[in-house]
Amino acid sequence: MVQIEDSKITAIGDVLNNRERPLKERFRALFTLRNIGGEHALESIGRCFEDDSALLKHELAYCLGQMQDVRAIPVLTKVLADVQQEAMVRHEAAEALGAIGDSSVEDTLVNFSKDPVIEVAETCEIALERVRWLKRLKEEEKTLKDDNPYASVDPTPPAVSKSVEELKRILMDESDSLFNRYRAMFALRNLRTTDATLALACGLKGKSALFRHEVAFVLGQLQEECSIPFLVDNLRDPEENEMVRHECAEALGAIATEECTRVLNEYLMDDKRVVKESCEVALDMCEYENSPEFQYADTLVKVNDDK
């Protein structure tokens, strides 16, 4: 956790909550608050759920989950329960509750696993399985083995070692549970090979929009150029769920080749606001990924003291 003065945290929170600031600056402020952690940062992030950008609110929930601070549970529960919030925001709030992993959220996740919005219901099912899995580990006095090379808090643990072919079979088995298919997904990601990446890319044609969205996210973590055609194909599809298109755009921003930049620029005026805004943020990610100085997710926003 980064140590920083309260006055600076307040200033960074003001950037995040200022609708007049460019979205890319607000995202940088959000990532900074996530890295800082603590009650003051949590409060600044929580205030921003009144914003009208679904993309930003989705990212707020994601960051709260990654922070794994139980003090974020009330605001995340409120967002999940708010049927006026966009599906992608409620989904991310549910996933964040699973990431925090506290057993106190079990009843909430059970309740919303029956939500009429399929992406929300499916997310709650996966999050509930993760919470119960963590609970079993604790009861068995086992420690969580984290072999995730990306330092993210994943919705499920990876599957135990299997071949790429077997993991791909599980990944694409529509009759299996999403929890098991996600486990295969993260196991493939952790292999970090071309064959594993191409197996993952097949998941972009799965039936569940939630599943396709997670595949796109994982491909963004891998940053393998062989996945670009698959991500572009889903981004270009006007019939694709906007939550999936958004994640494809951000994955292309993480890969950050010249082709990615060209494609993202094509969709800066997309009819779907969340896609348009995702391309804006993704292009900023491209700029940072190609900078020799620092990485996007580790950026500390610069705050002028005279603001």
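None of the values given here were measured: they were computed from a predicted structure. Only this structure's heavy atoms are used, side chains among them; waters, hydrogens and symmetry mates stay out.
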Asker: Once you round to the nearest 0.5 Å, how far does OG1 of T197 lie from CZ of R192?
Answerer: 10.5 Å
Asker: Looking at every non-hydrogen atom in both residues, tell me the closest pair between L33 and G13 and how far apart they are.
Answerer: CD1-CA, 4.1 Å
Asker: Quick one: do C124 and L80 satisfy side-chain contact (heavy atoms from CB on, under 4.5 Å)? Show the steps, please.
Answerer: CA-CA 10 Å; C124 288; L80 172 58; 4.2 Å; yes
Asker: Would you please say whether a donor-acceptor pair under 3.5 Å links the side chains of S104 and D102?
Answerer: yes
Asker: With the 4.5 Å side-chain cut-off for hydrophobic clustering, are F112 and I118 part of the same group?
Answerer: no
Asker: Between the side chains of K24 and E287, is the shortest nitrogen-to-carboxylate-oxygen separation below 4.0 Å, so that they form an ion pair?
Answerer: no
Asker: Is there a side-chain contact between S103 and K138 in this structure, where contact means two heavy atoms from C-beta onward sitting under 4.5 Å apart?
Answerer: no
Asker: Answer yes if L268 and V232 sit in the same cluster of Ile, Leu, Val, Met, Phe, Trp and Tyr residues linked by side chain heavy atoms under 4.5 Å apart, and no otherwise.
Answerer: yes
Asker: Rounded to the nearest 0.5 Å, what separates atom NE2 in H40 from atom NZ in K8?
Answerer: 13.0 Å
Asker: Does L55 reach the side chain of F27, with side-chain heavy atoms less than 4.5 Å apart?
Answerer: yes
Asker: Side chains of Y62 and R34, heavy atoms from C-beta outward: is any pair under 4.5 Å?
Answerer: yes
Asker: To check you understand the geometry: which heavy-atom pair defines the closest contact between G220 and A254, and what is its length?
Answerer: O-CB, 3.5 Å
Asker: Minimum heavy-atom separation for L264 and A249, please, with both atom names.
Answerer: CD2-O, 3.5 Å
Asker: Relative to each other, are the rings of H213 and H58 parallel, tilted or perpendicular (30° and 60° limits)?
Answerer: perpendicular
Asker: Any side-chain heavy atom of R130 within less than 4.5 Å of one from T156?
Answerer: no
Asker: Walk me through it: do I9 and D6 pass the test side-chain contact (heavy atoms from CB on, under 4.5 Å)?
Answerer: CA-CA 5 Å; I9 299 175; D6 282 351; 4.1 Å; yes
Asker: Less than 4.5 Å apart, side chain to side chain, heavy atoms only: is that true for F230 and C202?
Answerer: no
Asker: With a 4.5 Å cut-off on side-chain heavy-atom distances among I, L, V, M, F, W and Y, is there a chain of contacts connecting L128 to V70?
Answerer: yes
Asker: With a cut-off of 6.0 Å (strictly less than), are more than 12 heavy atoms of other residues, nucleotides or ligands near CD of E139?
Answerer: yes
Asker: Check T261 against C286 and note the closest heavy-atom contact, atom names and distance.
Answerer: OG1-SG, 3.7 Å
Asker: Considering the options Q85, E92, M88, R90, which one meets the side chain to side chain contact (heavy atoms under 4.5 Å, CB included) requirement together with K57?
Answerer: Q85
Asker: Please confirm whether the backbone N or O of V153 pairs with a side-chain atom of N148, one donor and one acceptor, at under 3.5 Å?
Answerer: no
Asker: Report the C-alpha distance between L222 and L200 in whole Å, list the side-chain angles of each, state the deciding distance to 0.1 Å, and finish with yes or no for side-chain contact (heavy atoms from CB on, under 4.5 Å).
Answerer: CA-CA 10 Å; L222 281 165; L200 280 167; 3.5 Å; yes
Asker: Can you tell me which residue among E122, R181, E214 is in a side chain to side chain donor-acceptor pair (under 3.5 Å) with S208?
Answerer: E122
Asker: Once rounded to the nearest 0.5 Å, what's the spacing between atom CD1 of I170 and atom OH of Y182?
Answerer: 15.5 Å
Asker: Report whether V83 and V75 are members of the same hydrophobic cluster (ILVMFWY, side-chain heavy atoms less than 4.5 Å apart, transitive linking).
Answerer: no
Asker: Can a salt bridge be assigned to the pair E140 and R136 using a cut-off of 4.0 Å between side-chain N and carboxylate O?
Answerer: no
Asker: Is there side-chain contact between P155 and M185, with heavy atoms separated by less than 4.5 Å?
Answerer: no
Asker: Taking it one step at a time, do R47 and E43 satisfy salt bridge (charged side-chain N to carboxylate O under 4.0 Å, His left out)?
Answerer: CA-CA 6 Å; R47 280 193 290 122; E43 186 275 331; 3.0 Å; yes
Asker: Between the main-chain N or O of A121 and the side-chain N or O of D115, is there a donor-acceptor pair closer than 3.5 Å?
Answerer: no
Asker: Do the charged groups of R169 and E166 touch, with an N to O distance under 4.0 Å?
Answerer: yes
Asker: Do D176 and R183 sit within salt-bridge range, that is, some charged N less than 4.0 Å from a carboxylate O?
Answerer: no
Asker: Should L231 and M243 be regarded as members of a common hydrophobic cluster, given that ILVMFWY residues are connected when their side-chain heavy atoms come within less than 4.5 Å of each other, either directly or indirectly?
Answerer: yes
Asker: How many angstroms lie between atom CD of E59 and atom CG of L16, to the nearest 0.5 angstrom?
Answerer: 11.0 Å
Asker: Show the numbers, then the answer: is there a side-chain contact (heavy atoms from CB on, under 4.5 Å) between L191 and V164?
Answerer: CA-CA 9 Å; L191 291 174; V164 170; 3.8 Å; yes
Asker: Tell me which one of E280, R236, K272, R245 satisfies side chain to side chain donor-acceptor pair (under 3.5 Å) with Y267.
Answerer: R236
Asker: Mind checking the CG-CD1 spacing from L178 to I126? Nearest 0.5 Å is all I need.
Answerer: 4.5 Å
Asker: Are the charged groups of R71 and D69 less than 4.0 angstrom apart, N to O?
Answerer: yes
Asker: Do I255 and S227 have side chains that get closer than 4.5 Å, going by heavy atoms?
Answerer: yes
Asker: Heavy atoms only: give me the nearest L23-S53 pair and the separation to one decimal.
Answerer: CD1-OG, 4.4 Å
Asker: Indicate whether any N or O donor in one side chain lies under 3.5 Å from an N or O acceptor in the other, for T257 and E225.
Answerer: no
Asker: Considering only heavy atoms from C-beta outward, does the side chain of D52 approach that of R273 to under 4.5 Å?
Answerer: yes
Asker: Atom CG in L30, atom CG in N35: separation rounded to 0.5 Å?
Answerer: 9.5 Å
Asker: Tell me, yes or no, whether the heavy-atom count around K205 atom NZ, taken from other residues, nucleotides or ligands under 6.0 Å, exceeds 12.
Answerer: yes
Asker: Please give me the minimum heavy-atom distance between G98 and A127, naming the atom from each residue.
Answerer: CA-CB, 3.8 Å
